[in-house]
Asks: 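Handing you this structure, nothing more for now.
Predicted model only: the values in this text are computed from it and were never measured.
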Number of protein chains: 2
Amino acid sequence: MVETPKSQYAQIADELRARIDGETYAPGSPLPSEARLADEFGVSRVTINKAITLLRASGDVKVRRGADTRVRSLPRIPRDAKRRYAARQEGTGAGEVEARKLSLESTTTYREIARVPVLAGGGVAKALRLRKGEDALVRRRVLYANGEPTQIADSYYPWSIVRGDKALMRPEVGKGGSYSRLAELGYGPVRFTEDVTVRVPDDAEQRALELEATQPVFEIWHVAYAADDVPVEVCIHVMPGHLWTLKYDWDDVSAQDGP
Amino acid sequence: MVETPKSQYAQIADELRARIDGETYAPGSPLPSEARLADEFGVSRVTINKAITLLRASGDVKVRRGADTRVRSLPRIPRDAKRRYAARQEGTGAGEVEARKLSLESTTTYREIARVPVLAGGGVAKALRLRKGEDALVRRRVLYANGEPTQIADSYYPWSIVRGDKALMRPEVGKGGSYSRLAELGYGPVRFTEDVTVRVPDDAEQRALELEATQPVFEIWHVAYAADDVPVEVCIHVMPGHLWTLKYDWDDVSAQDGP
DNA sequence: CAGTGGTCTAGACCACCAC
DNA sequence: TGGTGGTCTAGACCACTGC
């Protein structure tokens with residue numbers, strides 16, 4: 001490896017990425033061990049490790065500690081913000097619709113369904129415009145595709161609206177998902193907003209989503225409004241960045257504005 | 001520093017982040033040197049360096065090689081997909097609108113404005129539905145806020161539509177931005193789509209946006225359609241993830257669907 | 001138990017910046 | 001010219017995996 005303006009580990013990362021793209025290292029298969037790669041490239045193991053750190057951050061490989069380092073195999077999943085809610089009629093929730101389209105086996109685990117107090121002044125309280133001391137119903141879940149975690153989704157509903165609605169207190173909310181239940185309560189959502197940011201995952205998210213500290217996640221605050229702009233749900237999605245493509249579309253409403 | 005389930009460098013990163021949040025290290029000010037921090041925490045400089053690598057990936061600090069490491073100071077900029085185009089009437093382009101709202105000084109540099117061939121089968125050709133051999137007008141630019149790069153924006157227009165339109169071949173396209181020029185040509189955009197992904201920046205993007213290899217960027221494919229669903233522009237935005245919040249909103253069009 | 005990746009160190013050299 | 005961060009090494013110990 002000759003000296004160039006680029007560091008050795010960056011060059012090695014490029015080379016490894018090329019091998020992955022060229023399927024020298026096929027999806028799902030393990031890379032050679034760091035020791036072997038250190039031999040091959042004539043560098044120390046630390047340098048190989050640093051190269052692989054780059055591949056991990058970009059989501060190209062996934063390390064199984066004590067075992068090996070494997071090439072990622074999940075494709076990017078399209079998430080069409082508008083259509084996913086229309087399509088949810090086909091399933092028990094919008095989240096599973098996308099995975100199924102790609103013929104991935106989809107599962108959902110529920111971590112918590114409960115009435116909870118909400119942090120005063122926090123994002124949830126603001127989004128739902130909760131008065132001080134007003135509770136929320138929370139539904140915390142993790143979704144998987146082919147056994148790999150694809151997102152954390154925590155939904156909050158104003159308790160004053162859902163009360164103890166039986167369906168919403170159960171994991172399976174029934175046909176059409178939670179929005180159909182809200183509609184039955186007289187609060188069918190008619191308008192939505194989504195705020196999208198990228199950040200690094202915290203410890204809990206790293207565990208739940210099997211991510212590294214440097215792998216970026218999408219954080220989406222999805223807010224549903226019923227008639228009269230009453231917020232009825234905020235869902236906070238945390239999704240591994242390398243797994244998704246977010247899709248939005250809209251019509252121009254100000255086309256009439258001339259210069 | 002006692003031994004715990006967490007690595008030393010991760011703990012040190014947490015501690016440094018806490019100091020940043022607590023303004024022990026204020027925005028814009030430099031951290032102590034790595035040697036000094038190594039002394040303080042009683043670890044080697046490599047360990048400190050690894051901790052700081054985490055802070056860099058999350059965008060909390062920015063290293064100036066040979067000089068020092070400083071706390072980031074730019075706030076997150078909201079980018080409202082819908083409204084930015086309506087608001088662009090106030091400026092010469094939508095991109096500068098957001099920065100100005102936050103009282104940031106906004107500048108734009110143009111890297112290229114030219115008629116170019118388009119990679120057959122590539123994303124641009126597909127998005128604009130270009131026939132083989134059909135050229136495009138490209139406008140490549142980099143936007144800055146307070147002197148820091150905030151995004152790369154490369155716009156492509158079908159050459160068959162814009163021809164050599166004088167305004168579009170100049171850096172300053174005039175009041176209302178490029179969409180007003182397209183409207184004058186009879187191709188005013190009326191529908192838009194955006195596909196959003198996150199990934200790590202390539203070498204050129206790292207240089208242009210002053211980013212590290214591990215700092216995620218948004219890649220947004222923004223496509224504008226005129227009447228009859230004719231694609232008239234695709235703009236590829238590459239934006240440092242830590243600088244932006246993307247905002248979308250829409251009304252439900254399928255509320256009538258009952259179970 | 002052997003192999004793997006995770007972490008850490010001490011020491012070294014380099015390019016770059018500011019003075 | 002001295003201080004800074006960037007990189008690299010050799011060697012070490014550890015926890016974990018899978019046989």
Asks: Could you list all the side chain to side chain donor-acceptor pair (under 3.5 Å) pairs where at least one residue sits in residues 116-125 of chain B, not counting sequence neighbours?
Replies: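 Those involving residues 116-125 of chain B do not exist here.
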
Asks: Does the pair A/Asp68/A/Arg70 count as a salt bridge with the N-to-O cut at 4.0 Å?
Replies: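 Salt bridge flag = yes for A/Arg70 with A/Asp68.
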
Asks: Find which nucleotide of DNA chain D each of B/Gly66 and B/Glu212 is nearest to by heavy atoms, and output the residue with the more 5' nucleotide.
Replies: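 Its nearest nucleotide being more 5', the pick is B/Gly66.
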
Asks: Would you call B/Glu40 and B/Arg36 a salt bridge, taking side-chain N to carboxylate O under 4.0 Å as the test?
Replies: no

Asks: Name the stems that DNA chain C belongs to, where each is three or more consecutive Watson-Crick or G-U pairs with both distances under 3.5 Å?
Replies: C:1-18 with D:1-18

Asks: Return the set of residues passing side-chain contact (heavy atoms from CB on, under 4.5 Å) with B/Asn49 (not counting sequence neighbours), or none when no residue passes.
Replies: B/Glu34, B/Thr53

Asks: With sequence neighbours left out, what residues match A/His222 under side chain to side chain donor-acceptor pair (under 3.5 Å)?
Replies: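 Applying side chain to side chain donor-acceptor pair (under 3.5 Å) to A/His222 gives A/Tyr85, A/Tyr179, A/Glu194.
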
Asks: Which residues satisfy the side-chain contact (heavy atoms from CB on, under 4.5 Å) test with A/Val200, sequence neighbours excluded?
Replies: B/Ser58

Asks: For A/Ser73, what residues pass the side-chain contact (heavy atoms from CB on, under 4.5 Å) criterion, not counting sequence neighbours?
Replies: A/Pro27

Asks: Walk along DNA chain D from 5' to 3' and tell me the first and last nucleotide with an atom closer than 4.0 Å to a non-hydrogen atom of chain A.
Replies: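 Here the contact window of chain A covers D/dT7 to D/dG18.
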
Asks: Would you tell me whether A/Glu219 and A/Thr197 have side-chain atoms, one donor and one acceptor, within less than 3.5 Å of each other?
Replies: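 No donor-acceptor contact under 3.5 Å links the two side chains.
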
Asks: Please identify each residue that fulfils side-chain contact (heavy atoms from CB on, under 4.5 Å) with A/Val71, with sequence neighbours left out.
Replies: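 side-chain contact (heavy atoms from CB on, under 4.5 Å) list for A/Val71, sorted by chain: A/Ile20, A/Tyr25, A/Leu31.
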
Asks: Can you list the steps and then say if B/Thr109 with B/Tyr144 is a side chain to side chain contact (heavy atoms under 4.5 Å, CB included)?
Replies: CA-CA 8 Å; B/Thr109 64; B/Tyr144 300 80; 3.6 Å; yes

Asks: For DNA chain D, determine which residues of residues 56-63 of chain A have any heavy atom closer than 4.0 angstrom to one of its atoms, and list them numerically.
Replies: none

Asks: Taking any heavy-atom pair under 4.0 Å as a contact, classify A/Arg45: base, sugar-phosphate, or nothing.
Replies: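 Counting heavy atoms under 4.0 Å across all strands, the contact made by A/Arg45 includes a base.
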
Asks: Please work out which residues in residues 46-54 of chain B have a non-hydrogen atom less than 4.0 Å from an atom of DNA chain C and list them by number.
Replies: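 DNA chain C contact set from residues 46-54 of chain B: B/Val46, B/Thr47, B/Lys50.
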
Asks: Hey, what do you get for CG (A/Leu54) to OG (A/Ser7), rounding to the nearest 0.5 Å?
Replies: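 Answer for the CG-OG pair, A/Leu54 versus A/Ser7, is 7.5 Å.
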
Asks: Between A/Glu34 (CD) and C/dG5 (C1'), how many Å, whole number?
Replies: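 The distance from CD of A/Glu34 to C1' of C/dG5 comes to 5 Å, rounded to the nearest Å.
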
Asks: C/dT4 phosphate, OP1 or OP2: any side-chain N/O from A/Arg36 under 4.0 angstrom?
Replies: yes

Asks: Taking only residues at least two apart or on different chains, which pairs with a member in residues 142-154 of chain B satisfy salt bridge (Lys or Arg N to Asp or Glu O under 4.0 Å)?
Replies: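 Passing the test, one end in residues 142-154 of chain B: B/Lys62-B/Glu148, B/Arg72-B/Glu148, B/Arg140-B/Asp154.
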
Asks: Check side chain to side chain donor-acceptor pair (under 3.5 Å) between A/Asp195 and all other residues, then give those that pass, not counting sequence neighbours.
Replies: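 Side chain to side chain donor-acceptor pair (under 3.5 Å) list for A/Asp195, sorted by chain: B/Lys247.
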
